[in-house]
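Contents: one structure, followed by commentary.
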Amino acid sequence: MSRFRAAALTVGCAAAALTLTATTAHAAPGDTQNVCGSQLTPSGWVDIQWWNEYACGSTFNPNAKRIQQAAGLPIGTTLTVCASTLPPSGWVQLSEFYNSSCRYSVSPSFNNNSWQIKRVS
């Protein structure tokens, strides 16, 4: 029975990983998705919000994030994003500021943690 459980768990984890990959790979420009903070933000996506989620582990640090598909948005589009990831290729930073939605550390700080970015190519 324990081998069966281990096999089922392995298959379930693999399916979950494929689902996340498939979801981000087939997302339309501007789509958002919630993921645990331990997951890397895929290429062409940006972090737009951080919070603490029990399902992502027990910690005081914000450990969940909302990501947005930036690749494919029209030239001239501007976004407000968290500075926890770099702007995708073809985007430039317009300004830098503090945003309470982008606090990805438990240490209270009012340092700049967000950017306004614009698609230029």
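Reckoned from all heavy atoms, side chains included, excluding hydrogens, waters and symmetry mates.
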Using 0.5 Å steps for rounding, measure from the [atom1] atom of [X] to the [atom2] atom of [Y].
| X | Y | atom1 | atom2 | result |
| --- | --- | --- | --- | --- |
| Asn34 | Gln49 | CG | CD | 7.5 Å |
| Gln69 | Thr32 | CD | OG1 | 11.0 Å |
| Gln93 | Ser114 | CD | OG | 10.5 Å |
| Asn112 | Ser95 | CG | OG | 9.0 Å |
| Arg66 | Cys82 | CZ | SG | 11.5 Å |

For [X] versus [Y], what's the shortest heavy-atom pair and its separation?
| X | Y | result |
| --- | --- | --- |
| Leu73 | Gly30 | CD2-N, 3.8 Å |
| Asn113 | Arg103 | ND2-N, 3.7 Å |
| Asn63 | Glu53 | OD1-N, 2.7 Å |
| Asn99 | Ser101 | OD1-N, 3.0 Å |
| Ala27 | Trp45 | CB-CZ2, 3.5 Å |
| Cys36 | Lys65 | O-CE, 4.0 Å |

Passes side-chain contact (heavy atoms from CB on, under 4.5 Å), Ile67 versus Gln39? Steps please.
CA-CA 11 Å; Ile67 59 176; Gln39 296 178 348; over 6 Å; no
Please identify each residue that fulfils side chain to side chain donor-acceptor pair (under 3.5 Å) with Thr80, with sequence neighbours left out.
Gln116
Would the number of heavy atoms belonging to other residues, nucleotides or ligands and lying under 6.0 Å from CG of Leu40 be above 12?
no
For a side-chain contact (heavy atoms from CB on, under 4.5 Å) with Trp91, tell me which candidate from Val46, Thr78, Leu86, Thr77 qualifies.
Thr77
Does the plane of the ring in Tyr104 sit parallel, tilted or perpendicular to the ring in Trp50? Use 30° and 60° as the thresholds.
tilted
With a 3.5 Å distance limit and no angle check, can you tell me whether Asn52 reaches the backbone of Asn61 through a side-chain donor-acceptor pair?
yes
